[in-house]
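Every value quoted in this text rests on a predicted model; they were computed, and no experiment measured them. Note that ligands are numbered from 1 as they come in the structure, with each ligand's atoms numbered from 1 the same way.
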Amino acid sequence: MTAPVLHGYPVSNWFNCARAAMIELGLGADYVATRAAGDDGFLANSAMGKIPWLDTGRGGLAETVAILEYLEETSGPLLLPDDVFERARVRQLFNIVQLYIELPMRSLYPAVFMGEPVDPDAATAAFAMTDRAMRALHQLCLCQPFLTGSALTMADLAAFHIFELANRVCFHLGRDGLLDRQPGFGRWLHAMQGRESTKIVLADFAPAFAEYRAARGAAFDEEAYQAQRKVHA
Ligand SMILES: N[C@@H](CCC(=O)N[C@@H](CS)C(=O)NCC(=O)O)C(=O)O
């Protein structure tokens, strides 16, 4: 079988999640640098014109959850538990993080990272949803040290890379970070930060994110964010 090749850009939380999964699965850290696009060539591989997409050798595949499941089935098992109920619980967490944290925070990316004005009503609605999601995560997550137990899963990878951007949104708009009032998650964060996949992905995120902010005249202040994180550490 042809080795899968990931396409994307290291500012994208979804690309970073998929790349971390490739690394965890022993498929290497290489990728093809690609920005989202709407031309026919791009859409042939990623029908919604989004990154990441995976060249499977049998055709392009987009949507991170589909990419992760494909990688897990072809190169795992590693990122989903053996037990059917535990697997479903991982997918439950993945959906909560995707729909009720990533999407509402993404609605605020233009104001935080792309130089557009803040819409206070949109911010209120987004944070109402993330508050609800964080309550759910508090209820569902074990953090022993990973979200659903002692083994890393795809939900950990998604949550970690989504929190990376979501916490910056919170900071910029004067809110606590999503995990700041969740002491149980300290152990999880520590475990995730220590992983080789995290170190590789975040090392590439930093310069790409600086370039991205500069190109868009982002209001977001990374230095102030990092200084605040040191105080919280
Ligand atoms: N549901 C998609 C979301 C991917 C996504 O939102 N990608 C962003 C970058 S993080 C993108 O390509 N945005 C360009 C666009 O929406 O046109 C997934 O799970 O992969």
Using a strict cut-off of under 4.0 Å between a residue heavy atom and any atom of ligand 1, list the qualifying protein residues by chain and number.
S12, W14, A36, K50, I51, P52, E63, T64, Q98, R106
Considering residues at least two apart in sequence or located in another chain, which fulfil the side chain to side chain contact (heavy atoms under 4.5 Å, CB included) criterion with D40?
none
N13/E102 under side-chain hydrogen bond (donor to acceptor under 3.5 Å, both in side chains): CA gap, chis, key distance, verdict:
CA-CA 9 Å; N13 45 207; E102 206 270 352; 3.0 Å; yes
Is there a donor-acceptor pair closer than 3.5 Å between any side-chain N or O of N167 and the backbone N or O of L178?
yes
So the salt bridge (charged side-chain N to carboxylate O under 4.0 Å, His left out) pairs with at least one residue in residues 200-220 (sequence neighbours excluded) are R19-D204
Counting only pairs under 3.5 Å, give me each side-chain donor-acceptor contact of residues 64-71, with atom names and distances, residues two or more places apart or in other chains.
unit_1 : atom_1 : unit_2 : atom_2 : d
E69    : OE1    : R91    : NH2    : 3.0
E69    : OE2    : R91    : NE     : 2.9
E69    : OE2    : R91    : NH2    : 3.4

Result of checking T130, L147, I101 against L137 for side-chain contact (heavy atoms from CB on, under 4.5 Å)
I101
